[in-house]
Enquirer: 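I have a structure I would like to understand better, so I am pasting it below and will then ask my questions one at a time.
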Number of protein chains: 2
Amino acid sequence: MGVMNSKIRISDVAALAGVSTATVSRTLANPDKVGKAMREKVQEAVRVTGYQINAAARDLRQRRARSILILAPNLSNTFFSSIFAAVQEEASAADLTVQISDSNIGREKIATLGQDGRADGIILLDGGLDPEIVNGWRLPVVQLCEWNDAYDAPSVCIDNTAAVELAVDHLVQLGHRDLLHIEGPKDNILAITRRDGFLSATNASGVKASIMAGDFTIQSGAKVAHLWAALDQRPTGVICASDECALGFISEVMRLGFDVPEQVSVVGFDDIEFADRFNPSLTTIHQPRGEIGRQGAQCLIAMLTNKDVAVVPPKEVHAHLVTRVSTSRAL
Amino acid sequence: MGVMNSKIRISDVAALAGVSTATVSRTLANPDKVGKAMREKVQEAVRVTGYQINAAARDLRQRRARSILILAPNLSNTFFSSIFAAVQEEASAADLTVQISDSNIGREKIATLGQDGRADGIILLDGGLDPEIVNGWRLPVVQLCEWNDAYDAPSVCIDNTAAVELAVDHLVQLGHRDLLHIEGPKDNILAITRRDGFLSATNASGVKASIMAGDFTIQSGAKVAHLWAALDQRPTGVICASDECALGFISEVMRLGFDVPEQVSVVGFDDIEFADRFNPSLTTIHQPRGEIGRQGAQCLIAMLTNKDVAVVPPKEVHAHLVTRVSTSRAL
DNA sequence: ATTCCTCAAGTAATCGATTACATCATCCGC
DNA sequence: GCGGATGATGTAATCGATTACTTGAGGAAT
């Protein structure tokens with residue numbers, strides 16, 4: 001197990017093993033650069049002392065942090081959890097630690113995060129930051145899910161336009177001729193892309209289309225439920241910009257006495273874990289969050305390792321429609 | 001805005017301002033220890049150069065990391081998200097960065113995490129780690145939600161026994177006389193405490209009680225639904241060890257053609273965000289996750305600041321029952 | 001036997017900040 | 001006008017690793 005004395009330095013290990021600190025350092029980093037006898041003496045000394053490298057000292061000398069930072073617009077959004085998990089898994093395999101931060105902690109702090117040398121690279125889940133800040137970081141950045149063309153960084157996303165088209169086609173094939181889209185925040189690139197996709201797909205299909213404002217949250221879905229209920233001509237198919245919004249809409253609409261999917265078919269977006277277990281279970285666009293996280297992390301790690309992979313193309317991962325109970329044939 | 005030249009060191013700033021590095025350092029850390037004229041010269045130089053402190057160098061010299069680490073048994077568990085958010089918020093306010101890691105990355109790595117000086121303290125959400133490792137970290141640790149008496153660390157939790165008692169009393173008052181508990185993982189302290197609480201509360205009330213195995217997940221709830229349905233004498237009240245489990249149970253039981261709460265009342269545990277929006281909405285024990293995170297972070301920060309707050313007592317936060325639609329009077 | 005090369009190991013510079021200590025000017029009271 | 005306190009600033013040691021460079025031993029080739 002090793003005695004755990006307070007502060008063991010590399011020089012203590014070296015002294016115990018009767019070698020120089022250089023040899024200890026080499027033994028730890030490149031065991032094959034050291035003779036067998038020495039190596040074993042050092043390894044024994046490390047075991048006995050319970051020596052642990054001091055990360056700050058190593059980071060300072062090597063000018064790297066062995067750490068990546070995840071920036072997300074809202075840590076409590078459950079949509080992100082499995083992305084975090086996937087990123088962490090990849091990072092851990094590459095011996096990198098993971099930091100997380102909410103991206104709404106203020107310009108000053110955000111700018112600092114990318115410049116104080118605590119992170120080697122950044123996974124960015126927020127397309128709404130000032131490009132000047134993002135490009136001011138002198139670090140490799142990879143965007144996930146959201147993207148912003150003004151950022152000088154590759155992205156891993158699904159094709160949101162095509163995805164929303166799948167949803168529209170699905171409803172149209174079920175016979176729906178009047179569709180409603182509950183959109184996301186007005187300034188969010190995902191929300192905009194999905195809305196535009198909705199408009200062009202409905203236009204192409206020649207069905208009636210309308211839009212109501214939302215912000216991805218459960219609450220916004222519930223609020224729109226009342227607006228929908230108050231309409232004279234209620235759209236029979238609703239496509240939401242997020243699953244949470246869809247669940248909010250459905251639950252509220254049912255509380256108002258309507259039946260889903262009898263009276264209104266609802267499609268979500270993301271396929272969060274509960275979509276499948278909701279009642280009625282939710283037809284939605286499946287976004288492979290684990291894969292997005294994994295690919296993003298791998299991409300970032302590649303950029304860290306291989307400095308010259310500077311120009312990484314945007315990567316597109318596949319999304320598909322999952323048909324469940326919340327949508328049915330129009331009456 | 002400041003020109004962002006590659007690597008500005010403190011000596012560059014000092015040179016530009018015509019002062020020593022000591023003065024620059026003091027200006028940044030203790031502006032009031034420096035004369036007004038100097039201070040302004042230095043601040044101007046900092047602005048012009050866009051200087052950012054090198055964290056590794058400072059950490060090395062000060063022997064601290066300005067960072068805390070959150071360890072959770074499963075990052076993709078949505079239960080943790082709002083705890084992360086709360087911890088991050090407190091940490092950010094105290095100028096600390098936040099690292100996260102899954103606690104299942106292997107003994108070796110976990111032990112290292114607490115010893116390489118990258119974190120000043122640890123927020124632990126997993127009571128299942130080897131006490132030798134936890135106590136081997138030479139860092140302040142605070143346990144959240146789960147706790148392990150073998151750890152030499154304070155904890156912030158709800159009173160799980162009392163909480164489960166609330167659930168039992170609720171069902172008993174509604175006239176239920178045969179209760180089932182779907183427990184959590186056999187070796188989990190929360191699961192054990194809740195199960196024992198269930199047994200003693202049902203015993204005290206003199207109602208029939210039985211237990212089925214689960215593991216907190218949606219899937220386990222769904223699986224138990226089949227076992228329940230196959231019984232001759234079906235318990236009319238079910239208390240689950242987690243909300244996810246409860247939602248899994250309810251959705252599956254409904255798919256099997258039963259009605260909730262008509263034929264079976266179900267109580268969850270945690271009050272995750274979707275509990276309120278599920279259909280039927282879920283009666284559950286509300287666990288104030290944001291507050292747990294906040295209190296835990298504050299406690300840890302206090303331990304970091306005030307070295308002699310070594311003996312912090314376990315803190316208990318209040319949990320209560322939220323009555324919704326998934327429970328009703330027994331027939 | 002001499003030269004040259006290879007390889008293991010040690011010496012000491014280095015990363016970039018903080019801060020103990022030294023220095024010097026100023027100002028106080030007596 | 002002088003000893004001493006006070007406070008601003010500079011000098012240089014320090015944190016604990018990595019690594020460029022140096023040294024010296026051993027082996028191969030001639």
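Proteins get letters first, then strands, A, B, ... in listed order; numbering begins at 1 in each.
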Enquirer: Using whole Å, what does the distance between atom P of nucleotide dC7(C) and atom NZ of Lys33(A) come to?
Expert: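 So the two atoms are 9 Å apart, to the nearest Å.
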
Enquirer: side-chain hydrogen bond (donor to acceptor under 3.5 Å, both in side chains) with Ser67(A): which residues, sequence neighbours excluded?
Expert: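 Expected list: Thr97(A), Gln99(A).
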
Enquirer: Which residues satisfy the salt bridge (charged side-chain N to carboxylate O under 4.0 Å, His left out) test with Glu291(B), sequence neighbours excluded?
Expert: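 Here no residue qualifies.
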
Enquirer: Could you write nucleotides 17-23 of chain C as a row of B, S and -, 5' to 3', where a protein heavy atom under 4.0 Å of any base atom gives B, of only sugar-phosphate atoms gives S, and otherwise -?
Expert: SBBB---

Enquirer: Can you tell me how far P of dG16(D) sits from CD of Gln115(B), to the nearest Å?
Expert: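 Interatomic distance, CD of Gln115(B) to P of dG16(D): 15 Å.
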
Enquirer: Would you kindly compare Arg63(B) and Ala37(B) by the position of their nearest DNA chain D nucleotide and give the one closer to the 5′ end?
Expert: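 Nearest-nucleotide comparison on DNA chain D picks Ala37(B).
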
Enquirer: When the C1' atoms of the five terminal pairs at each end define the local axes, what inter-axis angle does the helix from dA1(C)-dT30(D) to dC30(C)-dG1(D) show, to 10 degrees?
Expert: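 Helix axis angle between the two ends: 40°.
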
Enquirer: Test: side-chain hydrogen bond (donor to acceptor under 3.5 Å, both in side chains). Region: residues 29-40 of chain A. Which pairs qualify, not counting sequence neighbours?
Expert: none

Enquirer: Rounded to whole Å, please give me the gap between CG in Asp12(A) and C1' in dC15(D).
Expert: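 Going from Asp12(A) (CG) to dC15(D) (C1'), I get 14 Å.
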
Enquirer: For salt bridge (Lys or Arg N to Asp or Glu O under 4.0 Å), just list the numbers for Arg47(B) and Glu44(B), CA-CA rounded to whole Å, side-chain angles, deciding distance to a tenth of an Å, and then say yes or no.
Expert: CA-CA 5 Å; Arg47(B) 196 172 314 120; Glu44(B) 173 61 15; 2.5 Å; yes

Enquirer: Identify each donor-acceptor pair in which a side-chain atom of residues 81-88 of chain B lies under 3.5 Å from a protein atom, sequence neighbours left out, and give them as a table.
Expert:
residue  : atom : partner   : partner atom : Å
Ser81(B) : OG   : Thr78(B)  : O            : 2.7
Ser82(B) : OG   : Arg289(B) : NH1          : 3.4

Enquirer: Just to verify, what does Asp126(A) make a side-chain hydrogen bond (donor to acceptor under 3.5 Å, both in side chains) with, not counting sequence neighbours?
Expert: Ser103(A)

Enquirer: If I take atom CG in residue Asp116(A) and atom P in nucleotide dG16(C), what distance separates them, rounded to the nearest angstrom?
Expert: 14 Å

Enquirer: Please report, rounded to the nearest Å, how far the P atom of dT19(D) is from the CG atom of Leu60(A).
Expert: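 To the nearest whole Å, that distance equals 12 Å.
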
Enquirer: Pair Gln143(A), Asn148(A) - check side-chain hydrogen bond (donor to acceptor under 3.5 Å, both in side chains), show working.
Expert: CA-CA 8 Å; Gln143(A) 308 182 67; Asn148(A) 185 323; over 6 Å; no

Enquirer: Report the distance from atom NZ of Lys7(B) to atom P of dG16(C), rounded to the nearest whole Å.
Expert: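 Going from NZ in Lys7(B) over to P in dG16(C) covers 8 Å.
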
Enquirer: Among residues at least two apart in sequence or on other chains, which ones pass salt bridge (charged side-chain N to carboxylate O under 4.0 Å, His left out) with Asp12(B)?
Expert: Arg9(B)

Enquirer: Atom CD of Glu40(A) to atom C1' of dA8(C): distance rounded to whole Å?
Expert: 16 Å

Enquirer: For Thr27(A), check side-chain hydrogen bond (donor to acceptor under 3.5 Å, both in side chains) against everything at least two apart and list the hits.
Expert: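 Result, side-chain hydrogen bond (donor to acceptor under 3.5 Å, both in side chains) vs Thr27(A): none returned.
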
